[in-house]
2 protein chains.
Amino acid sequence: MEQLYTVNQLAEELGITPRALRFYEVKGLLAPNRVGNNRVYTKRDRARLKLILRGKRLGFSLAEIREYLDLYNVDGGVEQQRNLLKRVQKRLKDLAQQREDLEATVRELKEIEVQVSTSLADRSPGKDA
Amino acid sequence: MEQLYTVNQLAEELGITPRALRFYEVKGLLAPNRVGNNRVYTKRDRARLKLILRGKRLGFSLAEIREYLDLYNVDGGVEQQRNLLKRVQKRLKDLAQQREDLEATVRELKEIEVQVSTSLADRSPGKDA
DNA sequence: CAGACCGTTGACGAAGACGTAAAGGGAAGC
DNA sequence: GCTTCCCTTTACGTCTTCGTCAACGGTCTG
């Protein structure tokens, strides 16, 4: 009933190499079950991997992504939770900074886009004629 | 009249090491003038460096940042400009993807924040009494 | 003129994130 | 039973991004 994957299947589906998958496992980001010696990935593993890849697209290191994944472990004692809350809020703050950088970059590129577009339009004023 | 900087000055002001500055130069991201053998950075160099650092905060490699900086060279023939326009639009598309990733992450973290907060509040229902 | 400070180049080192053979196990088909 | 295919581990290689000496040059100061 439940969808399962081998390394190669999951890797291909998400556009990475099996080597990367194994590497993430060594680094403690994934822990798929084994059948005999072979890795078997579940839907949960797949979801976790997608979080990993999203983290990479955001420019995080594997160590940072590891810490990020830990934030999904909401269980724990009061002290644990206080600690977790702090870490979550720190991440949110970092992401806010990143959003600012992102938007500033987008603004500038859009401005360039306009400049170049109009410059090109001025140079070849034939389309409207 | 114009503000100038040595490697050490500029590095300290922007919170990086002189070594990094020289490295960016080797990689073709910066090209400060020389007085004798010594590097002299202008305001323009400084601005360029700030773009570099912003790129790093967004998770780009130095090679990507190099290409990004090229996008600010708006001059050139028609063919150059068409090409530039394409590259700018490609970047904008990538950045849109990154924004989606960013916002998805923020949403999830905020949800976790709420969960943990309420969980903590439920456990110690004394503040309101 | 001897130190004390910048600043320079060059070389070596190191961590992160994999790529790439090398060598082998287990099942499936002919 | 042998080949083929998928998977495994181990190990070494590579590229990036600097950190860290080492050895040297110029300038200013006492």
ask   = Among side-chain atoms of A/Arg39 and A/Thr6, is any donor-acceptor pair under 3.5 angstrom?
value = no
Donor-acceptor side-chain pairing of B/Tyr24 and B/Arg66 below 3.5 angstrom = no
Between [X] and [N], is there a contact of a side-chain N or O with OP1 or OP2 at under 4.0 Å?
X	N	result
B/Lys27	D/dC15	no
A/Thr17	C/dC18	no
B/Thr6	C/dC6	no
A/Arg19	C/dT20	no

Separation of atom [atom1] in [X] from atom [atom2] in [N], rounded to whole Å:
X	N	atom1	atom2	value
B/Ile16	D/dC18	CD1	P	8 Å
A/Asn38	C/dG25	CG	C1'	9 Å
B/Phe23	C/dG13	CZ	P	17 Å
B/Phe60	D/dT17	CZ	C1'	17 Å
B/Lys56	C/dG16	NZ	P	14 Å
B/Leu21	C/dT9	CG	P	13 Å
A/Arg22	D/dT8	CZ	P	5 Å
B/Arg39	D/dG26	CZ	C1'	15 Å

query = Please walk me through it: do B/Asn83 and B/Arg87 pass side-chain hydrogen bond (donor to acceptor under 3.5 Å, both in side chains)?
reply = CA-CA 6 Å; B/Asn83 192 304; B/Arg87 271 153 41 211; 2.9 Å; yes
message = Classify A/Tyr24 by what it touches in the nucleic acid, base, sugar-phosphate, or nothing, heavy-atom distance under 4.0 Å.
response = sugar-phosphate
ask   = Below 4.5 Å, heavy atoms only, C-beta onward: do B/Leu51 and B/Ile65 meet side chain to side chain?
value = no
query = B/Asn37 has a side chain; which of C/dT8, C/dA17, D/dC18 sits nearest to it?
reply = C/dT8
inquiry  = Would B/Arg91 and B/Phe60 count as a cation-pi pair here, with the cationic atom under 6.0 angstrom from the ring centre and within 45° of the axis?
reply    = yes
